[in-house]
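Chain naming here is simple, since letters A, B, ... match the order of the sequence lines and numbering starts at 1 in each.
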Amino acid sequence: MRALGRALRRPASAIGFAMVALWVVCAIFAPWLAPYDPLKSQVPLQMPFERAPDGGVFWLGTDLLGRDILSRLIYGARTVVFWAGVAASSAYIVGITGGLCAGFYRGITDRVLSFLANVVLSFPVLVLYILIIVTLGASGLNIVLAVTFASAPAIFRIVRALSIDIASRDFVSAAITQGENAARIMLVDILPNATGPLVVDACLRLGYIAITIGTLGFLGLGLPPPTPDWGGMVNEGRGMAMVFPHLVVFPCIAISSLMLGLSLLADGLREASRAGAKA
Amino acid sequence: MFKLRTNSGRPVHPDVPAVTDLFLKGEIDRRSFLRTVTLLGVSAASAYGIAGAPAATAQETPKKGGSLRYGGAVMEINDPMMITWTQPSNVLRNVLEYLTRVDEDNVTQPLLAASWDPSADLMTWKFKLQPNVKWSNGDAFTTEDVAFNLRRWIAPESKSSNKSAFSAVTDVEVVNDLEFTLHLKRPTLAIPEMLFAYTCPILHRKFVEQGGVWTKNPIGTGPYSLVEFAVGQKATLRRREGYWGKAPLLDEIRFIDLGTDISASIQALASGQVDLVPAINTTDIDVVKRLPNVTLLSGRAAQTVCIRMQGTAKPFDDIRVRKAMVLASDNQKMLQLGYRGLGVVAENHHVAPFQPEYFKLPPLKRDVAQAKALLAEAGYKDGLYVSLTLGNTQGRWEQDTAVIMQQQVAEAGIRMMLDVKPASEFWPIWDKVPFGLTFWAHRPLAVMTLDLAYRSGGSWNESRYASDEFDAALNKATGIVDPKARSQAMESVERILQDAAVMVQPYWADRFGAMSDKVKNFRLHPATYHNLAPVWLA
């Protein structure tokens, strides 16, 4: 938290935080913020600021099926924030567990886990996502599985490297000498000392996962329709983008702003961690 | 008064005077008259003599030569009678030929068959072939070739959709090299029209002996030869010297596969990489209208999507569930929102208002309260969960339509999940899933589709619907010549199917295409059976 406080003193990081916070707020309070039901068809292809039949305004226009784009973006934030959060958590649980074991035990455990991680990392990530989703079918749970499978090895590598370094320090040797069990050493002595780089990585990774969810939606492999999904919205509108640019511009802005926000926040946290370390 | 003549020179069918009389009294329209008398063997020219020729349009002088670049899928073609998409037929249609040709106005014209004469009871059809037709390998085209094809289609082991379509045919009798007779077990007026179905090109009699893969040995009687074929990439056709009919104008036709993304095809058209994109989606219309030197093509077609339920699978084995699904759906809204209103509302019986045999039933009424009551009666008081499988085989509008239906049936407590599969994954299971959305291509006659899709045991009976009453009503309708009486006979066909709640059929989708202004004389065929012979490039 101290690092976050330090990071927010930097204007760029504060802007990043605000961008992320905006979408998190949208996700949490979507039913109160969205002017319309995101699934309800009203008047197709209305331009931004056009009047709705009930006297309201379609602030960002409507899509081909007459659904309010603003409402779909707000509910879409829920899709991205929730599934990106769940997927990232799942990937971290797997990656951290593997990385701690490999870094602490070394030997055959390390060799086997590193080999498996390298095998997965040798595949192009997007191909891996597509393969998994096409095989298992498009659903939120399968997106979590795909992201976990593809992202956990990279997290594993970071945690493994950090664990090897931390495990060689005196306080860990002392804990071993005292007879503490391995799980306690890994979770209480090693993991807390590795959180700094992991928090920075998590910010960036959340952004990548948000992009991944958008990409899968764009490729038609996202959440099943009619779930509001930013990538899916871009895909739906791209054929008509020349005539109705609002169909793709707003979802693209949403994806970019979340990604940019997370990147700025990650940069700020990295700088704040370095500053903290020097202090 | 102008006298009707048959293509064969024989006397006209005994029903022709009565049909002409109905037309002259204004009891049937021009389209029904033309269609019926040409099916009965009357020459189109003499029929137009009575009905009036189509309005002439200013014509430029056609220019010979040039290469047309056609933007469309190049799909695998092994055995042409087994193809299940119309796209491959557009490649082979220029190399192989059909016995007849149903033109863009739904009038059946002679092609390889020079004439046909049905018996008074429509149970025996005598065909005469064009003389002097040669295969591209030099062999003479004879009735032996025709018999080879027809017998393959209806053979017990045949897996072709032609087997259902021609289930009335009991025997193919070869009279001599140029004449053959079809014997039927029930009267069928549409035989000449059915011979132009996309699965009915006439193959060389040695097709099976020579390997049974047409693209490896593309012998044909048509005006072009296949010189290059790469699935998913391209197919090149070159004009054949010594063609028996009128020589086509283009030197070459190049089919260029631009993938399933129509936007890519439109970009290719805009940048001059292709000259013609014969199928675009409604979402592309606004873009095409803004492109310079590009013409938007459109036409009414009996193409549709059927959201059908298998009556043999749970929960659709209970007619109350099927009826609830139908009652909760609003076809008009699905047309407006799912297809931008560019079509005609359908009535859940797969007969289009613009098909000749259509009978108008009372309009469908949406009744969500009754749908809920039926569901409760069927044991789904707390709602029903169903999963609809679809593959967007023709475009995203299929999914858009399903999304609208999803909203509608939700009001009746039906939670409809959409299982959207890539088209390639959908086709192997399209007729197997209990609840699916299927695109059905245009056919000039509704009975052609009804035979395939709803007759008991029909080749493409995806809803597993089986009813003796329906089969009998369909048999009766197919054997009536008088268009008015035929339409009346269709009342029970349509009603039985509608009452059985086999499907939600929201609308008939208009067809759209786009072409460069330099392409001349191309007409969008309602079934996408494009005739490129009269096309030329400016």
Side-chain angles (χ1 to χ4, degrees), chain A residues 36-47 53 61-68 71-72 75 130-143 216-229 231-248, chain B residues 260-267 270 280-291 330 332-342 387-392 395-411 415-426 437 512:
Chain A
Y36 294 103
D37 177 347
L39 309 182
K40 190 184 167 195
S41 294
Q42 300 187 65
V43 193
L45 296 171
Q46 294 293 289
M47 298 303 278
T62 61
D63 67 7
L64 181 66
L65 299 185
R67 299 169 298 192
D68 179 47
S71 304
R72 288 184 71 73
Y75 272 89
I130 293 171
L131 267 177
I132 295 170
I133 300 291
V134 167
T135 310
L136 301 177
S139 73
L141 191 65
N142 291 340
I143 289 174
L216 290 173
F218 180 79
L219 294 172
L221 299 169
L223 294 165
T227 315
D229 168 0
M233 289 169 76
V234 177
N235 184 26
E236 283 164 22
R238 80 196 152 92
M240 308 176 83
M242 214 162 102
V243 186
F244 302 103
H246 68 284
L247 298 179
V248 295
Chain B
T260 52
D261 185 357
I262 302 287
S263 307
S265 301
I266 290 169
Q267 276 158 23
I280 63 165
N281 290 328
T282 52
T283 45
D284 307 308
I285 291 172
D286 298 280
V287 176
V288 167
K289 278 182 181 168
R290 291 183 180 212
L291 294 176
D330 183 341
Q332 177 75 49
K333 267 256 167 67
M334 279 190 263
L335 169 63
Q336 276 169 4
L337 295 166
Y339 205 67
R340 305 182 71 186
L342 300 166
S387 176
L388 175 73
T389 309
L390 64 150
N392 286 333
R396 203 184 161 89
W397 54 276
E398 293 180 13
Q399 180 179 321
D400 290 343
T401 305
V403 167
I404 302 298
M405 181 172 162
Q406 191 181 39
Q407 294 172 22
Q408 292 167 352
V409 297
E411 290 174 37
R415 197 162 163 245
M416 189 169 104
M417 293 301 291
L418 301 186
D419 181 11
V420 185
K421 299 199 174 296
S424 56
E425 273 186 51
F426 176 74
L437 182 150
F512 299 94

- Note on the structure: Looking only at Ile266(B), Asp286(B), Asp284(B), Val403(B), the option with the highest number of non-hydrogen pairs under 4.5 Å against chain A is Asp286(B)
- Note on the structure: When the 4.5 angstrom heavy-atom criterion is applied to Val287(B) and chain A, the contacting part is both
- Query: Can you find a heavy atom in the side chain of Leu337(B) that is under 4.5 Å from one in the side chain of Asp400(B)?
  - Reply: no
- Query: Looking at OG of Ser41(A) and CG of Leu64(A), how far apart are the two atoms once the value is rounded to the nearest 0.5 Å?
  - Reply: 9.5 Å
- Message: Ring-plane angle category for Trp397(B) and Tyr339(B), please: parallel below 30°, perpendicular beyond 60°, tilted otherwise.
- Response: perpendicular
- Note on the structure: In terms of heavy-atom pairs under 4.5 Å with chain B, the winner among Pro224(A), Pro226(A), Ala241(A) is Pro226(A)
- Query: Any luck finding a side-chain donor-acceptor pair between Gln399(B) and Asn392(B) under 3.5 Å?
  - Reply: yes
- How would you list all residue pairs meeting salt bridge (Lys or Arg N to Asp or Glu O under 4.0 Å) that involve residues 233-248 of chain A, not counting sequence neighbours? Arg67(A)-Glu236(A), Glu236(A)-Arg396(B), Arg238(A)-Asp261(B)
- Honestly, the part of Leu45(A) sitting under 4.5 Å from a heavy atom of chain B is side chain
- Note on the structure: If one checks every heavy atom of Val134(A) against chain B at 4.5 Å, the contacting part turns out to be both
- Heavy-atom pairs under 4.5 Å with chain B, option from Gly137(A), Pro225(A), Gly239(A) with the top count: Pro225(A)
- With a 4.5 angstrom heavy-atom cut-off, could you sort out which part of Leu291(B) is near chain A: side chain, backbone, both or neither? side chain
- Part of Leu418(B) lying under 4.5 Å from any heavy atom of chain A: both
- Note on the structure: Taken in chain and number order and not counting sequence neighbours, the residues that satisfy ring-ring contact (aromatic ring centres under 6.0 Å, His included) with Phe244(A) are none
- Message: Within this structure, what is the CE-OG1 distance for the pair Met334(B) and Thr401(B), rounded to the nearest 0.5 Å?
- Response: 7.5 Å
- Checking Glu425(B) against chain A: side chain, backbone, both or neither under 4.5 Å from a heavy atom? side chain
- Message: If you count heavy-atom pairs within less than 4.5 Å of chain A, which of Lys421(B), Lys289(B), Arg340(B), Met417(B) leads?
- Response: Arg340(B)
